[in-house]
Amino acid sequence: MAKGITKRADDYAQWYIDIVLKADMADYSPVKGCMVIKPNGYGIWERIQQHLDRMFKETGHVNAYFPVFIPESFLKKEAEHVKGFAPECAVVTHGGGKLLEEPLVIRPTSETIIWSTYKNWISSYRDLPILINQWANVCRWEMRTRLFLRTTEFLWQEGHTAHATHEEAEEETVRMVHVYRRFAEEYMAMPVVVGRKTEQEKFAGAEHTYCIEALMQDGKALQAGTSHHLGQNFAKAFDVKFQDRDKELKYVYATSWGVSTRLIGGIVMTHSDDNGLVIPPRLAPLPVVFVPIWKSDAERDVVCEKAREITRDWDPLFYRIDDRDQYKPGYKFNDWELKGVPIRVEIGPRDVQNNTVVAVRRDTGEKQALSMDGLREHLTRLLDDIQNNLFARAEQRTRDNTHTVDDYEEYKARIDQGGFFRVFLDHANPEVEAKLQEDTRSTVRCIPFDAPDEEGPCMITGKLCKGRVIAAQAY
RNA sequence: CGGGGCGUGGCGCAGCCCGGUUUAGCGCGCUUGGUUUGGGACCAAGAGGUCGCGGGUUCGAAUCCCGCCGCCCCGACCA
């Protein structure tokens, strides 16, 4: 059993912290709420970036970069936006030892700086659409922080697009939430519910917000990605108009969408176990680690040489041979399990004789002897297997923990056990959602796209509602 | 912002109540040498500390008193 990791069953929150720290993904920094992302964590982020960036580009987007500093007045130009973000902004008041004429906000999100720029870029319908993404850091002065899930500064990507019509912006908003869904499921092996946020939960400044929501092992929901249709709100705030084919001057339609390093927290809480981190193979910075085993120096040379020989033509990013001398094999086994490497390959003197290796998969712990011939192909298939198994496992768990409830008393009794709850709720009425939150610390996570066509009474007010929403306690 | 916890070598902690035998200790880690190596090795010798900061009490403070600062965790708010 892993040393120093709290068991999930004992204290899930502490387990999560233990995993992040002990798997060497991140560490606390001198500043409250900030963290150092260490190579083992950052490597996962790099893989996330790699795949997402490709998906963004495949859907026509290009990358750009906007400044981290935003004049304070910019934030104030969109009424809802400032209301939502002002309280959590970090503000720079001095520069070069002098008081600044206008304070600079460290971006909590970039709509304002970007739309102030788009104003200069857009004058004709021919300038549209603009499909830009940026990889950046942002800063939100949150009361309560948690490693990866909510830190004062975090890394993310934010797409900011400009369109001539509402329909086109809507298409984009939907397209991107589905890009996120696909990424979550195919790469993170994390099943999600796709849907729309309620009026209360939508982005500050958005017309509406789509999102993906995932269910963690402890039954709490994690908002994993959002895609906002901003309507003409920011175009109006920054006076961004274009002349259309019909010669009319019109405001531009906007979308924005983002995912953050929070996804790493999602990976931890979806797949990992009491032995440590479990990384889905497609996001693993290191998919395969070789642990050579020897007794004598002579054996050591033979075994390590064999390992090098087998892997001679392999992609160096695919594997590593752990020939560290100061640790025994048992230590290495535990160490790599803790760090979540999907496959460990043990190779010892016996294996060299038999022309075999022992492959151990991280998801199940299952060991199998594999021939050295065609090993690369075997391992690739095994990685696919692991990826699929992780998804299937998570999907099963999400299914098992998705409940349909109609009675509010029953809901109140069961909500603390966690899970997605499919309920009728009059979310158009803000008071209903407020009461739900007050009574149960749960919220409407989303109004699912694929909700069956049902009708029923709101479990709180009894008012007839169309379609069930997903409610849950959330991170 | 409420509640709790904690600040002592790199990390985790003990010592504090009851001031002085403590030259501030233990485990891990680190360095050197040797033996080990198929599920977290062992022996030996070493290196490493302004006890969060500032006052005060005292012959004497990690320890008592006052003040301050910081971080973490749990809740309310949020990606």
Side-chain angles (χ1 to χ4, degrees), chain A residues 1-6 11-14 16-18 21-22 24 27-35 84-85 87-89 108-109 136-158 180 197 200-204 209 211-214 221-228 256-266 275-276 291-297 299-300 303-304 322-338 344-352 356-358 360 365 367 369 434 437-438 441 443 473-475:
Chain A
M1 200 41 56
K3 273 186 192 163
I5 297 179
T6 306
D11 183 348
Y12 193 82
Q14 189 57 49
Y16 174 80
I17 293 164
D18 288 348
L21 262 25
K22 306 261 156 115
D24 234 6
D27 206 350
Y28 297 107
S29 82
V31 178
K32 178 184 164 70
C34 293
M35 67 174 179
F85 283 105
E88 56 190 56
C89 284
T109 178
N137 58 339
V138 287
C139 189
R140 298 182 187 177
W141 217 262
E142 303 286 358
M143 296 286 182
R144 171 90 161 84
T145 56
R146 301 172 72 103
L147 294 168
F148 285 116
L149 300 176
R150 187 175 305 101
T151 45
T152 302
E153 180 195 9
F154 58 95
L155 305 183
W156 76 348
Q157 59 69 215
E158 44 182 332
Y180 289 153
K197 284 289 184 192
Q200 286 70 235
E201 295 274 328
K202 74 180 184 186
F203 178 75
T209 291
C211 64
I212 55 172
E213 293 278 332
L222 185 75
Q223 177 174 309
T226 48
S227 181
H228 317 293
S256 69
W257 28 271
V259 298
S260 72
T261 35
R262 165 179 273 196
L263 293 182
I264 296 171
N275 291 326
V291 178
I293 293 154
W294 64 81
K295 281 192 171 48
S296 62
D297 282 356
E299 271 183 359
R300 185 197 152 161
V303 167
C304 287
D322 182 4
D323 57 1
R324 289 178 297 175
D325 213 358
Q326 70 269 39
Y327 298 117
K328 291 176 54 170
Y331 179 92
K332 294 178 185 178
F333 296 167
N334 285 288
D335 191 43
W336 292 115
E337 271 166 24
L338 175 59
R344 174 177 81 241
V345 173
E346 304 173 8
I347 175 168
R350 290 203 298 271
D351 297 302
V352 174
T356 59
V357 297
V358 175
V360 186
K367 294 188 180 192
Q437 182 154 6
E438 200 183 310
R441 299 199 335 235
T443 49
Q473 292 180 345
Y475 275 99

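Chain letters run A, B, ... following the sequence lines, proteins first, then strands; residues in each count from 1.
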Select one nucleotide: of [options], the one nearest the side-chain heavy atoms of [X].
{"X": "A:Glu142", "options": "B:A79, B:C74, B:G38", "answer": "B:A79"}
{"X": "A:Glu337", "options": "B:G39, B:A79, B:A76", "answer": "B:G39"}
{"X": "A:Trp294", "options": "B:G38, B:U37, B:C74", "answer": "B:U37"}
{"X": "A:Asp297", "options": "B:C78, B:U37, B:A76", "answer": "B:U37"}
{"X": "A:Val360", "options": "B:G40, B:G39, B:C78", "answer": "B:G39"}

Once you apply a heavy-atom cut-off of 4.0 Å, does [X] come out as touching a base, just sugar-phosphate, or nothing?
{"X": "A:Gly348", "answer": "base"}
{"X": "A:Thr226", "answer": "nothing"}
{"X": "A:Lys32", "answer": "sugar-phosphate"}
{"X": "A:Ser29", "answer": "nothing"}
{"X": "A:Pro30", "answer": "sugar-phosphate"}
{"X": "A:Gln223", "answer": "sugar-phosphate"}
{"X": "A:Val358", "answer": "base"}
{"X": "A:Gly266", "answer": "nothing"}
{"X": "A:Glu213", "answer": "nothing"}
{"X": "A:Ala224", "answer": "nothing"}

Mind calculating the distance between [atom1] ([X]) and [atom2] ([N]) to the nearest angstrom?
{"X": "A:Ile293", "N": "B:A41", "atom1": "CD1", "atom2": "C1'", "result": "15 Å"}
{"X": "A:Tyr180", "N": "B:A79", "atom1": "OH", "atom2": "C1'", "result": "11 Å"}
{"X": "A:Leu21", "N": "B:C73", "atom1": "CG", "atom2": "C1'", "result": "13 Å"}
{"X": "A:Arg324", "N": "B:G40", "atom1": "CZ", "atom2": "P", "result": "15 Å"}
{"X": "A:Asp325", "N": "B:A41", "atom1": "CG", "atom2": "C1'", "result": "13 Å"}
{"X": "A:Met35", "N": "B:C73", "atom1": "CE", "atom2": "C1'", "result": "17 Å"}
{"X": "A:Arg150", "N": "B:C72", "atom1": "CZ", "atom2": "C1'", "result": "16 Å"}
{"X": "A:Lys332", "N": "B:U37", "atom1": "NZ", "atom2": "C1'", "result": "9 Å"}

**Asked** Does the ring centre of A:Phe333 sit less than 6.0 Å away from the ring centre of A:Tyr327?
**Response**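 No, ring centres 6.0 Å or more apart.
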
Quote, to the nearest angstrom, the [atom1] distance that separates [N] from [M].
{"N": "B:A62", "M": "B:G9", "atom1": "P", "value": "14 Å"}
{"N": "B:G29", "M": "B:C72", "atom1": "P", "value": "27 Å"}
{"N": "B:U23", "M": "B:G48", "atom1": "C1'", "value": "16 Å"}
{"N": "B:G15", "M": "B:U63", "atom1": "C1'", "value": "9 Å"}
{"N": "B:A45", "M": "B:A61", "atom1": "P", "value": "35 Å"}
{"N": "B:C11", "M": "B:C16", "atom1": "P", "value": "23 Å"}
{"N": "B:C73", "M": "B:C28", "atom1": "P", "value": "28 Å"}
{"N": "B:U50", "M": "B:G3", "atom1": "P", "value": "35 Å"}

Output yes when at least one side-chain N/O atom of [X] is less than 4.0 Å from OP1 or OP2 of [N], else no.
{"X": "A:Arg146", "N": "B:C74", "result": "yes"}
{"X": "A:Arg441", "N": "B:A76", "result": "yes"}
{"X": "A:Tyr28", "N": "B:C73", "result": "yes"}
{"X": "A:Lys328", "N": "B:U36", "result": "no"}
{"X": "A:Arg144", "N": "B:C78", "result": "no"}
{"X": "A:Gln437", "N": "B:C77", "result": "yes"}

Worksheet item: Is the backbone of A:Pro349 close enough, under 3.5 Å, to the side chain of A:Lys295 for a donor and an acceptor to pair up by distance?
Response: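 Between the backbone of A:Pro349 and the side chain of A:Lys295 there is no qualifying donor-acceptor contact (under 3.5 Å).
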
Quiz prompt | Main-chain N/O of A:Leu147 paired to A:Tyr16 side chain as donor or acceptor, under 3.5 Å | solution =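 Side chain of A:Tyr16 to backbone of A:Leu147: a pair is present.
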
Partner nucleotide, any strand, of [N] [Watson-Crick/G-U, under 3.5 Å]:
{"N": "B:C78", "value": "none"}
{"N": "B:A45", "value": "B:U31"}
{"N": "B:C71", "value": "B:G5"}
{"N": "B:A24", "value": "none"}
{"N": "B:U63", "value": "none"}

Check the angle between the aromatic planes of A:Tyr180 and A:Trp257 and answer parallel, tilted or perpendicular using the 30° and 60° thresholds.
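If you compare the ring of A:Tyr180 with that of A:Trp257, the planes turn out perpendicular.
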
Could you report the tightest heavy-atom contact between A:Val352 and A:Val303, atom names first, then the distance?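 Taking every non-hydrogen atom into account, CG2-CG2, 4.1 Å.
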
Atom of A:Arg150, atom of A:Arg144 and distance for their closest heavy-atom approach:
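Answer, listing the atom of A:Arg150 first, then A:Arg144: CD-O, 3.2 Å.
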
Test for a donor-acceptor pair under 3.5 Å between the base of B:G38 and the side chain of A:Lys367, counting only N and O atoms.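 In this structure, the two groups form no donor-acceptor pair.
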
Examine the base of B:G39 for any acceptor or donor lying under 3.5 Å from a partner atom in the side chain of A:Arg344, and report the outcome as yes or no.
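Side chain to base: pair present.
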
| Residue whose nearest RNA chain B nucleotide is more 5′ - A:Ile17 or A:Arg262 |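 Taking each residue's closest nucleotide, the earlier one in sequence belongs to A:Ile17.
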
Between A:Ile347 and A:Lys202, just flag the one whose closest nucleotide in RNA chain B comes earlier from the 5' side.
->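 Looking at RNA chain B, the more 5' nearest nucleotide goes with A:Ile347.
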
Is the shortest side-chain heavy-atom distance between [X] and [Y] below 4.5 Å?
{"X": "A:Glu158", "Y": "A:Val138", "answer": "yes"}
{"X": "A:Asp325", "Y": "A:Arg300", "answer": "yes"}
{"X": "A:Leu222", "Y": "A:Leu149", "answer": "yes"}

